[in-house]
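Order of the sequence lines fixes the chain letters, A, B, ..., with proteins taken first and strands second; residue numbering starts at 1 for each chain.
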There are 2 protein chains.
Amino acid sequence: MSLIETAAAESGGSLHQRILSDISEKILSGAWAPGHRIPFEHELTAEYNCSRMTVNKALSQLAKAGLIERRRRSGSFVRRPQSQAAVLEIHDIRIEVEALGLLYRYERLARLKRRSSAEDRALLELTAAGPVLALECLHFAGQRPFAHEQRLINLTAVAEAGEEEFLEIAPGPWLIGRVPWSEAEHRIRAIAADQHIADALDIEPGAPCLVVERRTWSAEHPVTHVRFTYAAESHTLVARFKPSQG
Amino acid sequence: MSLIETAAAESGGSLHQRILSDISEKILSGAWAPGHRIPFEHELTAEYNCSRMTVNKALSQLAKAGLIERRRRSGSFVRRPQSQAAVLEIHDIRIEVEALGLLYRYERLARLKRRSSAEDRALLELTAAGPVLALECLHFAGQRPFAHEQRLINLTAVAEAGEEEFLEIAPGPWLIGRVPWSEAEHRIRAIAADQHIADALDIEPGAPCLVVERRTWSAEHPVTHVRFTYAAESHTLVARFKPSQG
DNA sequence: ATGGCTATTATGTATATACATATTGAAACG
DNA sequence: CGTTTCAATATGTATATACATAATAGCCAT
């Protein structure tokens with residue numbers, strides 16, 4: 001069966017876009033693991049019955065996005081997910097807590113696999129329905145709850161997350177070790193704690209909290225949406241910039 | 001004189017890369033302002049003496065990167081910078097307010113020139129005493145107060161700020177137009193409004209607020225420290241990242 | 001005027017082709 | 001046996017060409 005028949009999902013209709021999203025789906029689903037050699041340009045040319053330039057355009061973009069690595073004479077290979085530098089850019093609660101000199105502890109409160117609701121699709125910016133994993137977790141600093149985490153994982157993009165219980169490892173580090181991210185969006189705001197959050201963080205209802213929501217994409221595919229809620233006294237976000245160019 | 005002779009900077013040697021970096025340099029330097037129509041593909045084809053495909057590859061990448069916007073039949077245009085968007089979005093309050101479709105109004109509450117106190121020096125990370133300008137301002141969206149601003153300007157670094165009253169123009173845009181920044185640090189947190197902030201923003205004392213503090217340096221010199229306070233319901237910070245690794 | 005048709009224009013996508021370049025495996029040589 | 005050389009291979013870049021598509025300007029007829 002050719003790739004053409006199983007063809008892609010959404011994407012802007014053009015052939016090189018379809019090739020691109022076919023391949024990135026294979027990578028993100030885990031069907032093609034890191035290190036896997038993806039078909040040569042001339043093979044894809046045959047698969048899709050198109051010119052090499054068209055295939056090349058798709059593969060060049062994948063390389064630019066960091067999903068694959070291309071080597072002359074050898075072929076193109078699925079890359080290992082992003083480096084540590086990028087990991088630091090996405091803040092890791094364990095590291096924050098340990099930087100404070102406190103003992104870190106993680107607890108999973110709830111886990112539910114379900115078909116995406118309309119709300120789920122809005123949060124993940126998904127167009128089509130599909131399986132998602134909903135998680136609720138708590139992160140502790142010493143004895144005190146430090147952050148509450150509410151997370152959705154798009155199982156269409158990261159199928160193997162459906163098999164993980166997340167009892168021992170938090171979903172953040174788990175995902176970072178597996179899925180290369182190509183883009184992230186943060187939304188940051190202040191809220192008054194509702195009863196649920198107040199109970200979880202052991203604070204008064206109505207107390208101010210910092211909410212950080214993050215959406216992550218990998219090569220155009222929504223991967224996860226997470227909302228961290230911190231009690232006001234417990235946390236300050238720090239970000240240092242230099243003016244960027246290019 | 002052709003672009004070829006003034007040609008590009010660094011970049012990987014290939015022609016489309018050079019075209020790309022020539023153009024992005026024009027844009028980032030401000031030589032081509034937002035809205036400026038960049039040369040048509042066929043003009044660049046002539047400039048660089050290459051095929052349209054080569055020019056197209058460069059322009060397509062620029063469009064994908066968000067630096068330009070392409071419109072059929074009309075040409076390609078410089079977009080309002082997005083790479084700085086994360087920073088500007090945070091700090092040009094006028095733009096934020098107008099993006100909400102509301103009327104922006106600015107008001108200076110207080111202005112005081114003084115020798116830096118110990119607290120001032122801590123906020124600015126100054127080692128030696130010297131003159132500073134302390135400002136307190138309000139930004140309105142429509143009828144409602146939107147953000148409260150408390151600012152220190154290091155007059156040793158920006159002497160001419162001492163002559164400015166800041167009655168008509170807010171210190172943020174004034175500084176941006178004069179002082180190039182080389183580094184900035186943000187601290188973001190949630191607080192409960194104290195009486196002073198509650199009065200200024202017309203909210204209840206104890207209501208949650210988002211606080212964004214920003215320190216800016218220009219060539220190692222501390223320039224300014226500013227604290228913005230937003231009522232919780234009025235504001236969400238948005239920041240989009242791509243991983244920095246190549 | 002006004003609505004609709006058509007020609008023009010710039011971009012969007014794709015093809016076939018060509019040559020350059022890096023890398024590898026194997027053959028040729030000392 | 002080790003080294004050099006060479007040919008094969010996959011990607012990298014560029015060309016000339018073609019047709020599709022979207023937006024606009026101008027024209028025409030009502």
Side-chain angles (χ1 to χ4, degrees), chain A residues 2-4 7-24 26-27 32 35-79 220, chain B residues 2-4 7-24 26-27 32 35-79 246:
Chain A
S2 94
L3 285 175
I4 290 179
E10 61 289 25
S11 272
S14 66
L15 220 186
H16 72 263
Q17 286 260 17
R18 198 171 77 201
I19 298 174
L20 190 151
S21 79
D22 280 352
I23 293 175
S24 62
K26 283 259 194 317
I27 295 173
W32 290 350
H36 176 91
R37 209 211 75 227
I38 77 175
F40 295 127
E41 291 188 350
H42 70 263
E43 295 176 295
L44 291 169
T45 287
E47 277 284 336
Y48 287 93
N49 191 35
C50 66
S51 76
R52 185 167 81 89
M53 279 303 294
T54 303
V55 169
N56 183 280
K57 193 167 184 175
L59 294 191
S60 299
Q61 285 187 232
L62 281 169
K64 199 156 203 231
L67 269 189
I68 68 172
E69 185 185 338
R70 315 199 70 193
R71 285 199 291 276
R72 284 171 150 132
R73 172 69 216 248
S74 310
S76 303
F77 300 83
V78 177
R79 274 187 49 166
E220 317 291 305
Chain B
S2 93
L3 285 173
I4 289 180
E10 63 291 21
S11 271
S14 65
L15 220 188
H16 72 263
Q17 285 259 18
R18 199 173 77 201
I19 299 174
L20 190 151
S21 80
D22 279 352
I23 294 176
S24 60
K26 284 259 195 319
I27 294 173
W32 289 350
H36 176 91
R37 209 209 75 227
I38 77 174
F40 295 126
E41 291 189 349
H42 69 265
E43 294 176 296
L44 292 169
T45 287
E47 278 285 336
Y48 287 92
N49 190 33
C50 67
S51 76
R52 186 168 77 91
M53 280 303 294
T54 303
V55 169
N56 183 280
K57 193 167 185 174
L59 295 190
S60 298
Q61 285 187 233
L62 282 169
K64 201 160 202 248
L67 270 188
I68 68 172
E69 183 186 339
R70 315 199 70 196
R71 285 199 291 277
R72 283 171 151 137
R73 174 67 214 251
S74 311
S76 303
F77 300 83
V78 177
R79 278 185 45 164

Gap between atoms [atom1] and [atom2], on [X] and [N] respectively (whole Å):
{"X": "B:Asn56", "N": "C:dT13", "atom1": "CG", "atom2": "P", "value": "8 Å"}
{"X": "A:His42", "N": "D:dG12", "atom1": "NE2", "atom2": "P", "value": "15 Å"}
{"X": "A:Arg73", "N": "D:dG12", "atom1": "CZ", "atom2": "P", "value": "15 Å"}
{"X": "A:Leu20", "N": "C:dG12", "atom1": "CG", "atom2": "P", "value": "17 Å"}
{"X": "B:Met53", "N": "C:dT17", "atom1": "CE", "atom2": "P", "value": "16 Å"}
{"X": "A:Phe40", "N": "D:dA8", "atom1": "CZ", "atom2": "P", "value": "17 Å"}
{"X": "A:His16", "N": "C:dG12", "atom1": "NE2", "atom2": "C1'", "value": "9 Å"}
{"X": "A:Lys57", "N": "D:dT13", "atom1": "NZ", "atom2": "C1'", "value": "14 Å"}

Is B:Leu15 touching bases, backbone alone, or none of the nucleic acid, heavy atoms closer than 4.0 Å?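 If one applies the 4.0 Å heavy-atom cut-off, B:Leu15 turns out to touch the sugar-phosphate alone, with no base involved.
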
So what does A:Arg71 hit on the nucleic acid, given a heavy-atom distance under 4.0 Å: a base, only sugar-phosphate, or nothing?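 Here A:Arg71 touches the backbone only, sparing every base.
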
Taking the side chain of [X] as heavy atoms from C-beta outward, which of [options] is closest to it?
{"X": "B:Arg72", "options": "C:dT13, D:dT24, C:dA10", "result": "C:dA10"}
{"X": "A:Thr54", "options": "D:dA14, C:dA14, C:dT24", "result": "C:dA14"}
{"X": "B:Glu41", "options": "D:dT13, C:dT11, D:dA16", "result": "C:dT11"}

Measure across [X] and [Y] and return the closest heavy-atom pair with its distance rounded to 0.1 Å.
{"X": "A:Ser24", "Y": "A:Leu62", "result": "CB-CD2, 4.1 Å"}
{"X": "B:Glu41", "Y": "B:Leu59", "result": "CG-CD1, 3.8 Å"}
{"X": "B:Cys50", "Y": "B:Thr45", "result": "O-CG2, 2.8 Å"}

Quick one: does B:Glu43's side chain have a donor or acceptor within less than 3.5 Å of a partner on B:Phe40's backbone?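 Judged by distance alone, yes, a pair lies under 3.5 Å.
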
Using OP1 and OP2 only, check whether a side-chain N or O of B:Ser60 sits under 4.0 Å from C:dT11.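 Checking C:dT11 against B:Ser60, no side-chain N or O comes under 4.0 Å of OP1 or OP2.
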
Which sits closer to the 5' end of DNA chain C, B:Leu59 or A:Cys50, going by the nucleotide each is nearest to?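 The residue closer to the strand's 5' end, by nearest nucleotide, is B:Leu59.
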
base_contact_polar (D:dT11 base, A:Arg70 side chain, donor-acceptor, <3.5 Å):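 By the distance-only test, no, there is no pair.
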
Using side-chain contact (heavy atoms from CB on, under 4.5 Å) as the criterion, point out the one residue from A:His36, A:Lys26, A:Arg37 that pairs with A:Val78.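 The option that passes is A:His36.
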
